[in-house]
Asks: 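Below: one structure in structure tokens.
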Amino acid sequence: MARTDHYNDPNAPKATNIVVAVTAFVQDDQGRLLMIRRTDNDLYSIPGGAQDVGETIGHTVIREVKEETGIDVDPTDLIGIYSDPAHVIAYTDGEVRQEFSICFRAQPIGGALRTSNESSEVHWVAREDLATLNIHPSIRLRIEHGFANRTPPYFTK
């Protein structure tokens, strides 16, 4: 299913719901950031996705990173909570979500890079190479916050 991210777009469709989602800021021992190229919008992103009923939010981080990248992680810290009503995500099935995402810092503990049906590319990307990638502004913000090692408050205003 494809998606279109609308950001500060006065012509964006109205959101019909909010879904709890996570993203993960994962660095390897060389400081490179784990990035995927999403199959639903063709943008580069840090891994993440929606929480399933019956799982903890920490398990959501572990599952989503593994599903999209092949990497096993241990969530270690909270980077921020992102709930910008100006970021609306429209899916081809008619669903329209207001952004709500909790971004975690996570430590890689195993696995091997691989793609999935949600990721056409998976890479460890050096910080200086991030500027060359097509990344949505909402994900760039999480990446900036991850590198900045922010202190509370952990939510966007």
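Owing to the predicted nature of the structure, the values given are computational and were not obtained by experimental measurement. Position 1 is the first residue of the sequence; numbering continues from there.
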Asks: With sequence neighbours left out, what residues match Arg97 under side-chain hydrogen bond (donor to acceptor under 3.5 Å, both in side chains)?
Replies: Tyr91, Glu95

Asks: Would you please classify the geometry between the Tyr7 ring and the His136 ring as parallel, tilted or perpendicular, with 30° and 60° separating the classes?
Replies: perpendicular

Asks: Would you name the heavy atoms of Ser101 and Val22 that are closest together and state the gap between them?
Replies: OG-C, 3.8 Å

Asks: Are Leu43 and Leu133 grouped together when hydrophobic residues (ILVMFWY) are joined by side-chain heavy atoms under 4.5 angstrom apart?
Replies: no

Asks: Distance-only, no hydrogens or angles: does the Gln51 side chain make a donor-acceptor pair with backbone N or O of Glu55 under 3.5 Å?
Replies: yes

Asks: Is it the case that the side chains of Asn134 and Arg37 hold a donor-acceptor pair, with the cut-off being a distance below 3.5 Å and no angle test?
Replies: no

Asks: Any heavy-atom pair between the side chains of Ile71 and Leu113 that's under 4.5 Å?
Replies: yes

Asks: Closest approach of Val73 and Pro108, non-hydrogen atoms and distance?
Replies: CG1-CA, 4.2 Å

Asks: Does the Arg114 side chain pair with the main chain of Glu67, one donor and one acceptor, at a distance under 3.5 Å?
Replies: yes

Asks: Donor-acceptor pair, distance only, cut-off 3.5 Å: does the side chain of Ser119 make one with the backbone of Thr69?
Replies: no

Asks: Can we call the ring centroids of His87 and Phe100 under 6.0 Å apart?
Replies: no

Asks: Just do the salt bridge (charged side-chain N to carboxylate O under 4.0 Å, His left out) check on Asp5 and Arg3 with the steps written out, would you?
Replies: CA-CA 7 Å; Asp5 288 71; Arg3 73 185 240 178; 2.8 Å; yes

Asks: Compare every heavy atom of Phe25 with every heavy atom of Gly146, then report the nearest pair and how far apart it is.
Replies: C-CZ, 3.5 Å

Asks: Could you check whether any side-chain N or O of Thr16 sits under 3.5 Å from a backbone N or O of Val96, counting only pairs where one atom can act as donor and the other as acceptor?
Replies: yes

Asks: Which atom names give the shortest non-hydrogen contact between Val26 and Trp124, and what distance separates them?
Replies: O-CZ3, 3.5 Å

Asks: Does some side-chain heavy atom of Met35 sit less than 4.5 Å from a side-chain heavy atom of Ile135?
Replies: yes

Asks: Does the pair Arg63/Asp52 count as a salt bridge with the N-to-O cut at 4.0 Å?
Replies: yes

Asks: If every non-hydrogen atom of Cys103 is compared with every non-hydrogen atom of Leu78, which pair is closest and at what distance?
Replies: O-CD1, 3.5 Å

Asks: Output every pair passing ring pair (Phe, Tyr, Trp, His ring centres under 6.0 Å) with a member in residues 38-71, not counting sequence neighbours, ordered by first then second residue.
Replies: none

Asks: Indicate if Val88 and Ile18 have the same hydrophobic cluster label, given that clusters are the connected sets of ILVMFWY residues with side-chain heavy-atom separations under 4.5 angstrom.
Replies: no

Asks: Check for a donor-acceptor pair, side chain of Arg142 on one end and backbone N or O of Thr23 on the other, with a separation under 3.5 Å.
Replies: no

Asks: Glu68 side chain to Thr115 main-chain N or O, any donor-acceptor pair under 3.5 Å?
Replies: no

Asks: Less than 4.5 Å apart, any side-chain heavy atom of Thr39 and any of Asn117?
Replies: no

Asks: Could you see if Val19 belongs to whatever hydrophobic cluster contains Ile57? Use Ile, Leu, Val, Met, Phe, Trp, Tyr and a side-chain cutoff under 4.5 Å.
Replies: no

Asks: Looking at residues at least two apart in the chain, or sitting in another chain, which of them share a salt bridge (charged side-chain N to carboxylate O under 4.0 Å, His left out) with Asp93?
Replies: none

Asks: Write down the atom of Ile46, the atom of Ala24, and the distance for their closest heavy-atom approach.
Replies: CB-O, 3.3 Å

Asks: With the side chain counted from C-beta on, respond yes when Leu130 and Ile143 share a heavy-atom pair under 4.5 Å apart, and no when they do not.
Replies: yes

